[in-house]
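For reference, the structure is listed below as structure tokens.
Each ligand, and each atom within it, is numbered from 1 in the order the structure gives.
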Amino acid sequence: MGLNYYQIKKHVRKTRKLVIRGITIARSGHPGGSFSMAEIMGVLFNNFLHYDPKNPLWEDRDRLVLSKGHASPGLFSNLAVAGFIEESEIETLRKFGSRLQGHPDLRCPGVEFCGGSLGIGLSFSVGLALAAKIDNKNHHIYTIIGDGELDEGQVWEAAMTAAKYKIDNLTAILDRNFIQQDSYTEKIMPLDEELIGDDLSEMWRDASRWKTGDKWRSFGWNVIEIDGHRIEQLNDAFSKATSTKGLPSIIIARTIKGKGVEHMEDNPKWHGLAPDPDIAPIIDLELDSQFMIAPSIIAGDMTNLENEVKRCVHGRADYIHLDVMDGQFVPNTTFDHNKIKELRPLTVIPFDAHLMINEPVIHIQDYLDAGSDIITVHTEVCDESSFGEIHDKLKQNQVGIGLAINPDTELPEWSFKFLQTIDQLIVMSVIPGKSGQKYIESTHEKMARVVKILNEHKFKGYIEADGGVVLDNVGTCYNDGARAFVGGSAIIGQNDVRGVIRQFRLVILQERRRALLQKAYELGGIELVNKWIDLHLVGDKKNQLIRMAKETRYI
Ligand code: DX5
Ligand code: ZN
């Protein structure tokens, strides 16, 4: 079964917005720690946790214990998206009589543990796991603990106990966001090496400083260390943890507190603070504006695509764009599903397969079997019935569904009925067939027409800009509405893939900031622009925003 990467991304986007909605109305709550565990929760609820929202006490359900109970909005938002409670109930957060309190409360369906006083959740989880073993039950226990919480001695008692009793039906996830209540963990009680300055990126940059894993290994645990915001890495880590026998597993998920909202990220202030109502809509727009970079490997050494994939991994690509060409739909031939199958074991980074082939409906199963995470076919070689077959097959296999249109093709009427359920629309900005071509400028105004149709048909996926995308036009492509960006010659064709991807991210980030400034200006004029800019306290963001706002005369 696929990773349903897109489904999880959409789930996570929705839960972060529900967290903001609940906390803003409550005027109180913990966004920072809810956001740092958002992807952890998204992968758990979509791919690993067995539960029945209509029967929350089903005795064979897996148990999810939120030991860092203050992040309850992050739990409640996932219980809402999973169907345990109505999404609207999040608006009762922290109100008298509500089932959704500042810390998880057993009155809320799906809650297993009244968290809040830190340090206890792991012990409780050890008890659940031991009981399951005694009762010969096969359900799994997952518990999310905070890094600040590791200052509590009881955590380590539980860690020893779990190892002693070889509790392998328990997976702990450490939400390693380096911030606790009022400062950085490494300043209060270092788990890794001590943080000297205030620049948390120092802790991310140098893995040789990471000592937390050694602590858990010395307590007899299986340790898996990952980037806690990478859906594919979380998926892989949970698979490994749940199949490890004879000892408990902990996934040390390195995360960013407040991830997804620039002014909250790595800022201890947002451990427990509610956004102002006038700021919330700007945060929502920011949460809706996540973007992905997808290098196209055919722009590299076609005789050594394994190495091109490795360059994407080292470059920290969000996914890898695989241009399949059959020499019929386009004159060129690149590779087919056999090559994809060969490349698949090299990385868990999602494969974004772009099928420039005739009769895709005949071949789709081969590409499913090869292990692509997102498969896009061209409207020019489909009709409603054949695409309907492809759509359903991809959906059944939990693989992202993509549709592509050539520069001289408009979205066909038959495709409108699928727009609400497809995950990606590739708008080609070159004549398909090879990399290194120049962007077709008329694509910009075409995008306006396409976006209008997508909005009318409740498209909830991502537009992917593909063909001739370079640093000079990627900002405009973002403004046109694209959120996924293919880079062939502009990325894979360059020596320093990681450096170029970083530059792409920076350029796109500037455009996103411009859009957020505009939103602030539209909503509240210069006053709200200044108020929003003033929230950016970490690093140099505030000065960068002031400069940008002055250039665009918002202030
Ligand atoms: C063209 C492909 C594109 C191309 C991108 O048919 O679909 O993905 O490889 O390469 P650049 O970015 O160089 O146009
Ligand atoms: Zn492509």
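- Atom OD1 is the N/O/S atom of Asp323 found closest to the Zn ion (ligand 2).
- Using cut-offs of 30° and 60° on the angle between ring planes, the pair Phe418 and Phe387 is perpendicular.
- Ion pair Arg230/Glu39 not flagged as a salt bridge, since none of the NZ, NE, NH1 or NH2 atoms sits closer than 4.0 Å to an Asp/Glu carboxylate oxygen.
- By the 4.0 Å N-to-carboxylate-O rule, Asp423 lies close enough to Lys10 to be salt-bridged with it.
- At the Zn ion (ligand 2), the vertex angle linking OD2 of Asp466 with NE2 of His321 is 90° (nearest 10 degrees).
- Among protein residues, Ser296, Ile298, His321, Asp323, Met325, His354, Met356, Met428, Pro432, Gly433, Lys434, Ser435, Gly436, Asp466, Gly467, Gly468, Val486, Gly487, Gly488, Ser489 come within 4.0 Å of ligand 1, judged on heavy atoms.
- Considering just the N/O/S atoms of His354, the one nearest the Zn ion (ligand 2) carries the name ND1.
- A donor atom on one side chain and an acceptor atom on the other are found under 3.5 Å apart for Asp466 and His321.
- Checked against a 6.0 Å centroid threshold, the rings of Tyr462 and Phe291 do not count as neighbours.
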Where do Arg254 and Glu225 land on the salt bridge (Lys or Arg N to Asp or Glu O under 4.0 Å) test, with the steps shown first? CA-CA 8 Å; Arg254 289 182 185 280; Glu225 303 205 53; 3.3 Å; yes
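- A salt bridge is absent between Glu286 and Arg513: the closest approach of a Lys/Arg side-chain nitrogen to an acidic carboxylate oxygen does not fall below 4.0 angstrom.
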